[in-house]
Trainee: 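Next up is a structure, given as structure tokens.
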Amino acid sequence: MKPRILVVGSLNMDLRLSLTRMPAAGETCLGRDYAYIPGGKGANQAVAAARLGGQVFFCGRRGEDCNGRILEEGLRAEGVDTACLTADPAAPTGLAVIPVEEGGQNRIIVLPGANMRVEEADLRDALWQPCDGVICQLEIPLETVFALHAMTRERGIPLIVDAGPAMSLPLDRLRGVEVISPNETETQAMTGLSVGDDRSALEAAQRIQSRAQARFVVLKLGGRGALLYGEGVERFYPAYPVQAVDTTAAGDAFTAALTLRYLETGDMETAVEWAGLAGALAVTKEGAQPSLPTSAELEAFRRSKV
Ligand code: RIB
């Protein structure tokens with residue numbers, strides 16, 4: 001049986017700018033090209049989970065505009081159920097501007113629009129259908145995230161919180177969450193610790209765990225891999241070396257694969273391995289949703305690494 005996953009979160013149209021280098025403050029520089037690409041952390045995670053074999057439902061809000069329609073159709077074409085995606089006349093669809101420089105490093109500016117109007121009532125409708133796990137991120141109002149935490153706990157459904165984008169998060173409001181997974185900048189924003197080496201990463205994970213009482217903390221450490229902390233396990237996973245083209249949505253591929261594999265097997269250690277493979281593959285292609293791997297691609301990549 002395919003795990004049934006509800007993703008509550010954002011969808012954005014990404015305006016991807018391809019640059020040789022980022023301009024300095026006050027500088028004008030000529031870029032190479034640009035493209036509009038479906039993105040948004042929530043939608044990316046929904047598409048990734050569907051491509052990897054999950055049965056996925058999406059809950060969120062889009063504007064009543066052209067971008068919103070394109071993004072919704074894109075989700076449906078991937079097999080994601082959009083019955084709980086609301087077209088909201090009061091705000092435009094989310095937009096992200098993503099300059100990417102040579103070597104794949106990006107910066108992301110999000111104009112959230114309708115994503116910031118997702119509220120508790122939306123969750124009630126979405127949680128009406130049975131599901132095995134729920135994923136969310138922080139591109140919707142935090143109060144909605146906290147309400148989701150309370151509602152999933154009440155129903156005994158594991159909640160996986162992808163802690164992006166970076167912000168100072170009151171972790172006590174997520175007390176008892178199943179999984180919390182920040183990247184390096186998100187970890188720093190949450191704990192005040194810069195995680196430049198294994199020792200500081202471990203200290204940050206311990207700090208997050210003690211504040212949120214999470215079952216598992218999974219730190220995404222970019223080119224250094226990942227750290228799993230919780231339930232007596234403390235394990236660093238090296239990154240899979242790949243030719244980086246664009247890091248956009250690598251974290252989303254990671255979270256989706258982590259969730260799917262964890263729900264399938266109940267084994268978080270294997271889930272982090274799979275997540276690392278998915279994240280590495282996403283880095284090898286341009287853009288958000290076009291870079292997310294299928295289960296066949298992931299399996300082939302995994303075999304090439306053993
Ligand atoms: O994680 C990558 C995503 O962050 C992009 O697709 C962008 O839309 C922002 O939400």
Side-chain angles (χ1 to χ4, degrees), residues 7-18 34-51 58-63 65 67-68 70-72 74-75 78 80 85 91-101 104-118 135-142 144-145 160-167 180-187 189 218-222 226 244-259 275-276 278-293:
V7 179
V8 179
S10 59
L11 68 175
N12 298 325
M13 183 56 83
D14 291 352
L15 171 56
R16 181 185 188 277
L17 315 175
S18 167
Y34 69 90
Y36 290 97
I37 300 176
K41 293 187 194 304
N44 295 345
Q45 290 170 25
V47 168
R51 284 189 192 162
F58 184 81
C59 170
R61 289 201 186 206
R62 66 165 178 89
D65 50 24
N67 280 345
I70 293 170
L71 295 175
E72 179 166 352
L75 284 174
E78 297 285 347
V80 175
L85 169 59
T93 297
L95 180 83
V97 182
I98 311 184
V100 183
E101 60 188 350
Q105 197 51 254
N106 67 18
R107 285 167 175 71
I108 304 185
I109 303 153
V110 176
L111 296 312
N115 295 312
M116 275 300 154
R117 294 176 51 78
V118 179
I135 312 180
C136 74
Q137 323 73 34
L138 310 179
E139 283 182 340
I140 57 173
L142 276 186
T144 308
V145 171
I160 290 82
V161 179
D162 180 306
M167 63 182 71
I180 181 155
S181 180
N183 69 14
E184 292 158 295
T185 46
E186 292 150 11
T187 301
V218 182
L219 299 194
K220 298 181 275 252
L221 301 171
V245 172
D246 182 348
T247 56
T248 310
D252 299 328
F254 183 102
T255 298
L258 180 91
T259 304
L281 275 175
V283 162
T284 62
K285 290 188 192 158
E286 287 186 359
Q289 289 174 26
S291 75
L292 302 168

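Each ligand, and each atom within it, is numbered from 1 in the order the structure gives. Note that the structure is predicted; figures quoted are calculated from it, not measured.
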Trainee: Give the minimum heavy-atom separation between G113 and A91, together with the two atoms involved.
Mentor: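 G113 and A91 have their closest heavy atoms at C-CB, 3.9 Å.
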
Trainee: Nearest protein heavy-atom contact for atom 2 (C) of ligand 1: which residue, which atom, what distance?
Mentor: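 Ranking protein heavy atoms by distance from atom 2 (C) of ligand 1, first comes D252 OD2, 3.4 Å.
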
Trainee: Just to verify, what does R61 make a side-chain hydrogen bond (donor to acceptor under 3.5 Å, both in side chains) with, not counting sequence neighbours?
Mentor: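 R61: side-chain hydrogen bond (donor to acceptor under 3.5 Å, both in side chains) contacts with D88, D122.
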
Trainee: Return yes if some donor-acceptor pair links the side-chain N/O of K220 with the main-chain N/O of S181 below 3.5 Å, else return no.
Mentor: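 Such a contact is found between K220 side chain and S181 backbone.
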
Trainee: When you check the side-chain N and O atoms of T93 and N67, is any donor under 3.5 Å from an acceptor?
Mentor: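 Side chains of T93 and N67: no pair found under 3.5 Å.
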
Trainee: How far is atom 9 (C) of ligand 1 from the closest protein heavy atom, and which atom is that?
Mentor: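 Answer for atom 9 (C) of ligand 1: E139 OE2, 3.4 Å.
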
Trainee: Any sub-3.5 Å donor-acceptor pair from N183's side-chain atoms to T185's backbone N or O?
Mentor: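 Looks like yes, one N/O pair under 3.5 Å.
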
Trainee: Looking at A288, which atoms of ligand 1 are within less than 4.0 Å of one of its heavy atoms?
Mentor: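 In order of number, 6 (O).
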
Trainee: Would a distance-only check, ignoring hydrogens and angles, find a side-chain to backbone donor-acceptor pair under 3.5 Å from D14 to R16?
Mentor: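 A pair under 3.5 Å: no.
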
Trainee: Output the list of atoms in ligand 1 that are nearer than 4.0 Å to some heavy atom of G39, sorted by atom number.
Mentor: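 Numbered from 1, ligand 1 contributes 6 (O), 8 (O).
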
Trainee: To which of K41, M13, Q45, Q289 does the heavy atom nearest atom 4 (O) of ligand 1 belong?
Mentor: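 Checking each option, the heavy atom nearest atom 4 (O) of ligand 1 is found in K41.
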
Trainee: Report, one line per pair, each donor and acceptor closer than 3.5 Å where one atom sits in a side chain of residues 278-286; sequence neighbours left out.
Mentor:
residue : atom : partner : partner atom : Å
T284    : OG1  : L281    : O            : 2.5
K285    : NZ   : E297    : OE2          : 3.4

Trainee: Return yes or no for this condition: an N or O of N44 is under 3.5 Å from an N or O of ligand 1.
Mentor: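 For ligand 1, there is an N or O atom that lies under 3.5 Å from one belonging to N44.
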
Trainee: Looking at atom 7 (C) of ligand 1, what's its closest protein heavy atom, distance included?
Mentor: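 Result for atom 7 (C) of ligand 1: D14 OD1, 3.4 Å.
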
Trainee: Can you confirm, on distance only, whether ligand 1 has an N/O atom lying under 3.5 Å from any N/O atom belonging to N12?
Mentor: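 Yes; at least one N/O pair falls below 3.5 Å.
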
Trainee: Counting only nitrogen or oxygen atoms and a 3.5 angstrom limit, does G40 reach ligand 1?
Mentor: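 Min N/O separation from ligand 1 is below 3.5 Å for G40.
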
Trainee: Within a distance under 4.0 Å of any heavy atom of A96, pick out the atoms of ligand 1 and give their elements.
Mentor: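 This gives 7 (C), 8 (O) as the contact atoms.
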
